[in-house]
Amino acid sequence: MSKHEKFAFKELSEIKKRVKELGVEIHFQDDLSPLSEPVRIGNRKALNAFAVLPMEGCDSNQDGSPSELVRRRYRRFAAGGAGLIWWEACAVVPEGRANPLQMMITEENTEKFAAALKESRDAAKETMGEDFEAVHILQLTHSGRYSRPSGTKGSPIIAQHDPLLDPRGGISESDPVVTDEYLSSLPEFYAKAAVCAKRAGFDGVDIKACHRYLMSELLAAFTRPGKYGGSFENRTRLLKDSIRAVRKAAGDDFIIACRFNVFDAHPYPYGFGCDTEEFWKFDPSEPLALVKMLCEEGIDLLSNSAGNPYYIYPQVTRPFDLSSMGIPVPDEHPLESISRAFSFTRMIQEAAGDVPVVGNAYTWLRQFIPYVGAANLADKSCRFVGLGRSSIAYPDAPKDVLSGGRMEPKKCCITCSKCTQIMRDQGRTGCAVRDAKTYLPLYQEARKAAEARENKADKERRS
Ligand SMILES: Cc1cc2nc3c(=O)[nH]c(=O)nc-3n(C[C@H](O)[C@H](O)[C@H](O)COP(=O)(O)O)c2cc1C
Ligand code: SF4
């Protein structure tokens, strides 16, 4: 591994040179035409190969419906012209919300989702033309260990005890793990949420199994007894049952996607996709078995992610220049982190065959994203170039590339982790740098509130 370095490239030749020096596998190509090629997803067609990755704002209305901030976010995403818009985490049950303002779709608020979606589709028509229709997917989630449905303290729902993660969540050895009975009730809630999403006009849903939320933690529940733990079959049972329940309730003409963790970067017997002796070493056997299972279940769309954004190695999921508070700067060059993420996508796309895979971890590359994305599409490493932080910083990037062949360096995300910091501070998040008029005050407000909480906790500890 090489030392961490901040982004400092002005010319394409400079970043190419650094890639060569580091000996990492990141390719570039000048022909950007693969980015404007349509991509088939189930019975739908995305009109280009850009995808907006799910980016949670923690800013819905109390009832889980889209607030004005949420609606603004999706109008901006849609107007930016991406062919696929993967809506952020949306809870299927109230106790599984990651924060009191996480989106949650219910029979009562479905019409509000429909209105937000229509606004978003209309915004795309304004900038991209009357015939433009993006594919819209809603990510369904249960936050498990990271549930915080009310207040400032979490109410974790854990699949298994974990000596590294439990102390960070204030979980003690005597706290119970979630029951099999509770888990077996969940597929019905995924199905209900999917039916609401279909009624609202979404083209499909994602059953989220990444970033160590409930479904992701279950994939690694090696120590859990009973029908949801231990063997691979047991650990994937809830995911499989939820896919089947959604398919039965929402029908064949509805996309079912899965965003899953390929590699947790977490020690055995608590991490998925990791070597049993050395957790930094990737073991592809189970992730590949999972892709096989998902394809056999008729999954229409995949996105691989990795790591745990709440733990100390967020570079595995989102390489950065500056880390959020309390997170060490990794002993790894961001280009190495990106190359690792690309290698996972390449492997998953190869195993998934015709099922499209959305690649991620591009944002750190800034204005050079199109050259790398086009190369990955051309050599079939993925079918979509997914943009996360880039989308909240620079939502128009796809349009700028498709119409003008370039991204504007001054609009690019600078991977400063301020949006992550707002989330950690329990605020409403967005880009505090490129969308500063709206989000810098929210960043400052959340920082102040978090500092006050920390000071209070400190005082209590000392007295
Ligand atoms: C503020 C913030 C919110 C996010 N919300 C979600 C989410 O709701 N669901 C999800 O699967 N990933 C979420 N992610 C992860 C991103 O989708 C993406 O995988 C990650 O940022 C890496 O891609 P990038 O380098 O393009 O940013 C979030 C990331 C950030 C920084
Ligand atoms: S705050 Fe803006 S510039 Fe900073 S990492 Fe987030 S999206 Fe990028």
Side-chain angles (χ1 to χ4, degrees), residues 1-10 14-15 18-19 21-22 24 26 53-59 73 88 146 168 211-212 265 280 305-342 360-369 372 386-395 397 407-451 453-454:
M1 286 198 224
S2 301
K3 258 181 68 188
H4 185 271
E5 201 176 56
K6 288 185 188 163
F7 184 97
F9 309 106
K10 295 242 171 335
E14 293 167 11
I15 188 166
R18 198 74 187 102
V19 162
E21 284 162 2
L22 291 167
V24 290
I26 297 177
L53 290 174
M55 289 297 290
E56 183 169 6
C58 317
D59 55 359
R73 183 159 56 255
E88 71 204 61
Y146 298 109
R168 299 175 75 87
H211 307 154
R212 299 292 298 200
W280 266 113
S305 194
N308 179 347
Y310 295 89
Y311 196 45
I312 51 177
Y313 312 114
Q315 75 273 17
V316 177
T317 167
R318 40 179 181 255
F320 50 80
D321 267 9
L322 295 173
S323 53
S324 51
M325 279 165 206
I327 300 296
V329 172
D331 199 13
E332 173 172 288
H333 196 286
L335 287 168
E336 292 175 321
S337 317
I338 292 168
S339 152
R340 180 197 296 113
F342 287 177
N360 58 140
Y362 286 88
T363 290
W364 190 86
L365 299 163
R366 300 198 194 183
Q367 68 269 29
F368 305 115
I369 291 171
V372 177
L387 301 178
R389 291 160 297 175
S390 173
S391 294
I392 56 172
Y394 185 179
M407 281 172 72
E408 178 62 57
K410 284 203 168 68
K411 292 186 185 171
C412 288
C413 165
I414 55 168
T415 65
C416 67
S417 293
K418 280 200 167 67
C419 47
T420 303
Q421 189 63 49
I422 305 179
M423 259 178 125
R424 298 294 157 266
D425 289 343
Q426 306 189 346
R428 290 168 292 166
T429 194
C431 179
V433 176
R434 302 299 191 198
D435 196 9
K437 207 166 155 213
T438 301
Y439 285 103
L440 187 56
L442 294 180
Y443 169 78
Q444 288 160 340
E445 179 189 299
R447 261 301 49 224
K448 221 166 132 186
E451 275 165 10
R453 275 195 306 275
E454 281 155 24

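By convention here, the first residue in the shown sequence is residue 1.
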Asks: Run the salt-bridge test on R73 and D59 with the 4.0 Å N-O cut-off and return the result as yes or no.
Replies: yes

Asks: Of the non-hydrogen atoms in Q367 and F7, which two are nearest, and what is the gap between them?
Replies: OE1-CZ, 3.9 Å

Asks: Could you check whether any side-chain N or O of E336 sits under 3.5 Å from a backbone N or O of V24, counting only pairs where one atom can act as donor and the other as acceptor?
Replies: no

Asks: Using a 4.5 Å cut-off on heavy atoms from C-beta on, say whether the side chain of M407 contacts that of I369.
Replies: yes

Asks: Quick check for you: to the nearest 0.5 Å, what is the distance between I392 atom CD1 and M55 atom CE?
Replies: 4.0 Å

Asks: Would you compute the distance between atom CD1 of I327 and atom OG of S417 and round it to the nearest 0.5 angstrom?
Replies: 9.0 Å

Asks: Would a 4.5 Å heavy-atom cut-off, applied to side chains only, mark I26 and V372 as touching?
Replies: yes

Asks: Under the salt bridge (Lys or Arg N to Asp or Glu O under 4.0 Å) rule, collect the residues that match up with R366, sequence neighbours excluded.
Replies: D321

Asks: Return the set of residues passing side-chain hydrogen bond (donor to acceptor under 3.5 Å, both in side chains) with S305 (not counting sequence neighbours), or none when no residue passes.
Replies: H211

Asks: So, using side-chain hydrogen bond (donor to acceptor under 3.5 Å, both in side chains) as the criterion, who are the partners of Y362 when residues are at least two apart?
Replies: N376

Asks: Whether K3 and E332 form a salt bridge (side-chain N of Lys/Arg under 4.0 Å from carboxylate O of Asp/Glu) is what I want to check.
Replies: no

Asks: In Å, rounded to the nearest 0.5 Å, how long is the span from OG1 of T415 to CD of Q315?
Replies: 12.5 Å

Asks: I338 and A361: which non-hydrogen atoms are nearest, and at how many Å?
Replies: CG1-O, 3.5 Å

Asks: So do C431 and R389 actually touch side chain to side chain, heavy atoms under 4.5 Å?
Replies: no

Asks: What pair of heavy atoms forms the shortest contact from A432 to K418, and how long is it?
Replies: CB-CD, 3.9 Å

Asks: For C58 and G427, work out which heavy atoms get closest and say how close.
Replies: CB-O, 3.6 Å

Asks: Ring centres of W364 and F320 under 6.0 Å apart?
Replies: no

Asks: So do Y443 and E445 actually touch side chain to side chain, heavy atoms under 4.5 Å?
Replies: no

Asks: Charged N to carboxylate O below 4.0 Å: is that the case for R18 and E14?
Replies: no

Asks: Taking the side chain from E88 and the backbone from G57, do they hold a donor-acceptor pair closer than 3.5 Å?
Replies: yes

Asks: Atom CG in D435, atom NZ in K411: separation rounded to 0.5 Å?
Replies: 12.5 Å

Asks: Under 30°, 30 to 60°, or over 60°: which ring-plane class applies to Y310 and Y146, parallel, tilted or perpendicular?
Replies: parallel

Asks: Can you tell if the side chain of Q444 reaches within under 4.5 Å of the side chain of R447, non-hydrogen atoms only?
Replies: no

Asks: If you compare all heavy atoms of I422 against all heavy atoms of A446, which two are closest, and at what distance to 0.1 Å?
Replies: CG2-CB, 4.1 Å

Asks: Can you tell me if R434 uses its side chain to pair, donor with acceptor, with the backbone of K410 under 3.5 Å?
Replies: yes

Asks: Can a donor-acceptor pair be found, under 3.5 Å and without considering hydrogens, that links the side chain of E451 to the backbone of K448?
Replies: no

Asks: Between C419 and G430, what is the shortest heavy-atom contact and its length?
Replies: CB-O, 3.4 Å

Asks: With the side chain counted from C-beta on, respond yes when R340 and V316 share a heavy-atom pair under 4.5 Å apart, and no when they do not.
Replies: yes

Asks: Looking at side-chain heavy atoms only, is the closest gap between L53 and S391 below 4.5 Å?
Replies: no

Asks: Please confirm whether the backbone N or O of H333 pairs with a side-chain atom of S2, one donor and one acceptor, at under 3.5 Å?
Replies: no

Asks: Find the distance between CD1 (I15) and CG (L335) and round it off to the nearest 0.5 Å.
Replies: 5.0 Å

Asks: Rounded to the nearest 0.5 Å, what separates atom CG in D425 from atom OG in S324?
Replies: 9.0 Å

Asks: Is the shortest side-chain heavy-atom distance between V329 and K6 below 4.5 Å?
Replies: no

